[in-house]
Amino acid sequence: MARRKISIIGAGFVGATAAHWAAEKELGDVVLVDIIEGIPQGKALDLFEASPVEGFDSKVTGTNNYDETKNSDVVIITSGVPRKPGMSREDLLEINKKIIESVAAQVVERSPNAILIMVTNPLDSMTYLTVKRSGLPKERVIGMAGILDTARYKAFIAMELSVSVEDIQALLLGGHGDEMVPLPRFTTISGIPLSQLLPKETIDRLVDRTRKGGGEIVNLLKTGSAFYAPSAAAIQMTEAILKDKKRILPCCVYLNGEYGLKDICFGVPVKLGAKGVESIIELQLTDEEKALVTKSAESVKKSISELKI
Ligand SMILES: NC(=O)c1ccc[n+]([C@@H]2O[C@H](COP(=O)([O-])OP(=O)(O)OC[C@H]3O[C@@H](n4cnc5c(N)ncnc54)[C@H](O)[C@@H]3O)[C@@H](O)[C@H]2O)c1
C-alpha cells in the first residue's frame with residue numbers, strides 16, 4: 001500500500017513545524033512548498049536528516065514546484081504574509097487573499113481529491129474564500145482554529161488545577177479571534193464539571209486569557225506569532241482524516257443553516273474522518289451562549305464581506 005501524502009504550503013514557522021510533527025508521527029510522506037528558493041528544500045532535508053536519529057520512516061521533500069504535491073491526500077495551507085508595521089488589516093486581507101487564491105488553484109489542479117486544511121489568517125475568511133474558489137465540496141475545506149483555541153483553554157485549566165492536560169475535555173465555538181465562544185458548561189475534568197472545581201471568577205479569567213491567547217504569544221515573541229500549538233492542531237486534524245478516526249473536534253467549516261447561520265465559515269464541533277467533515281454537531285445552547293455565537297458570527301460575516309467576492 002502506498003504511503004499517504006501530506007503537502008504543506010508555506011514552509012515558515014507553522015508549516016515547517018507541522019512537517020516536523022507529521023513526519024515524526026509517520027502520518028505519511030511530506031512535501032513542503034514555499035515561494036522562497038532554498039527554504040523548503042533546506043528545512044525538508046534537515047528534517048529528513050533527523051529521521052535516522054528519531055527513527056521515523058517518512059520521506060520529506062522541499063520544493064518550489066507544485067508538481068511534487070500531485071495526488072496529495074491532505075494539503076495544509078499556511079502560506080501568507082504577516083501584518084507588518086504600517087500595513088492596514090485591509091491591505092493584509094488583500095495580499096493573503098491573492099496568495100490563497102493562487103495557492104488553492106495550484107493545489108487543486110494537482111490533487112483534486114485532497115482534503116484542504118486552512119491555517120492562514122484571517123482564518124474564517126480564508127477558509128470561506130477557499131470553499132468558494134477551489135470548487136471542492138465544502139466537506140473537504142476545513143479551517144484550523146478551534147482545536148488551537150481549545151488547546152489553550154485546556155492548557156490554562158491544567159495549569160490552574162495542576163492536573164494532567166489529558167484529563168480535560170472542552171469545546172469551543174465561533175470565529176477565530178477575541179470573540180470566540182468558550183463553553184465552560186461543556187468543560188469537564190475526567191467527567192467532573194469544571195464549575196465543581198473552580199469558582200466562576202477563575203473560570204472567567206481563564207476564558208478571557210483563552211480569547212487573548214494568540215496576542216499573549218505575539219507580545220512575548222515580539223516578532224512572529226504562535227507556531228507549536230497551531231501546527232500541532234493542524235496535524236491532529238490531518239491524523240483524524242488519514243486514520244479515519246471520526247474524532248469530534250472544533251473546526252471552521254461552511255455552514256448552511258446549522259446554528260441558524262448560512263453562507264459563513266464558522267467554528268463548530270464536527271466529526272472528522274476520511275471524507276473530511278462527516279457531520280456537523282449542533283449543540284443545544286442557552287440564550288446566553290446563543291447571544292455570544294451571534295456576536296461572533298457578526299464579526300466573521302464582516303470579515304468575509306471585506307473579501308468582496
Ligand atoms: N489559524 C490559526 O489559528 C493560526 C495560528 C497561527 C498562525 N496562523 C497563520 O498561519 C500563517 C503562517 O504563519 P507562520 O508563522 O508560519 O508565518 P511565516 O511567515 O513564518 O510563514 C509563511 C510562509 O508562507 C510563504 N509564502 C508566502 N507566499 C507564498 C506563496 N504564494 N506560496 C507559497 N508560500 C508562500 C512565506 O515565504 C513564508 O515562508 C499566517 O497567516 C498566520 O497568521 C494561523
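When a ligand or atom number is given, it counts from 1 through the structure's own listing order.
- Of the possible donor and acceptor atoms, one in the side chain of Glu258 sits under 3.5 Å from a partner among the backbone N and O of Asn256.
- Polar contact with ligand 1: present for Val119 (N/O pair, distance under 3.5 Å).
- Both the backbone and the side chain of Val14 come within 4.0 Å of ligand 1, counting heavy atoms alone.
- A side-chain donor-acceptor contact under 3.5 Å links Thr78 to the backbone of Ile9.
- Taking a cutoff of 4.0 Å between a charged side-chain nitrogen and a carboxylate oxygen, Asp124 and Lys301 do not qualify as a salt bridge.
- Contact check on Arg209 versus Glu216 returns a salt bridge, with a Lys/Arg side-chain nitrogen under 4.0 Å from an Asp/Glu carboxylate oxygen.
- Note on Glu201 versus Arg205: no salt bridge recorded, every NZ/NE/NH1/NH2 to OD/OE distance being 4.0 Å or above.
- In terms of polar-atom proximity, His176 is counted as a contact of ligand 1, with an N or O under 3.5 Å from an N or O of the ligand.
- Exactly one residue among Leu171, Leu173, Leu261, Leu172 makes a side chain to side chain contact (heavy atoms under 4.5 Å, CB included) with Val268. That residue is Leu173.
- Polar contact with ligand 1: absent for Leu123 (N/O pair, distance under 3.5 Å).
- Checked against a 3.5 angstrom limit, the closest N/O atoms of Met144 and ligand 1 fall inside it.
- Looking at Val53, Leu45, Leu47 one by one, the single match for side chain to side chain contact (heavy atoms under 4.5 Å, CB included) with Glu49 turns out to be Leu45.
- For atom 17 (O) of ligand 1, the protein comes within 4.0 Å by no heavy atom at all.
- The N/O atoms of Leu148, backbone and side chain alike, include none that comes under 3.5 Å of an N/O atom in ligand 1.
- Note: an N/O pair closer than 3.5 Å links Asp34 and ligand 1 by distance alone.
- Note: an N/O pair closer than 3.5 Å links Asn121 and ligand 1 by distance alone.
- Contact annotation for Pro230 and ligand 1: only side-chain heavy atoms (C-beta onward) come within less than 4.0 Å of the ligand.
- Those atoms of ligand 1 that come under 4.0 Å of a heavy atom in Ala226, given as number and element, are 6 (C).
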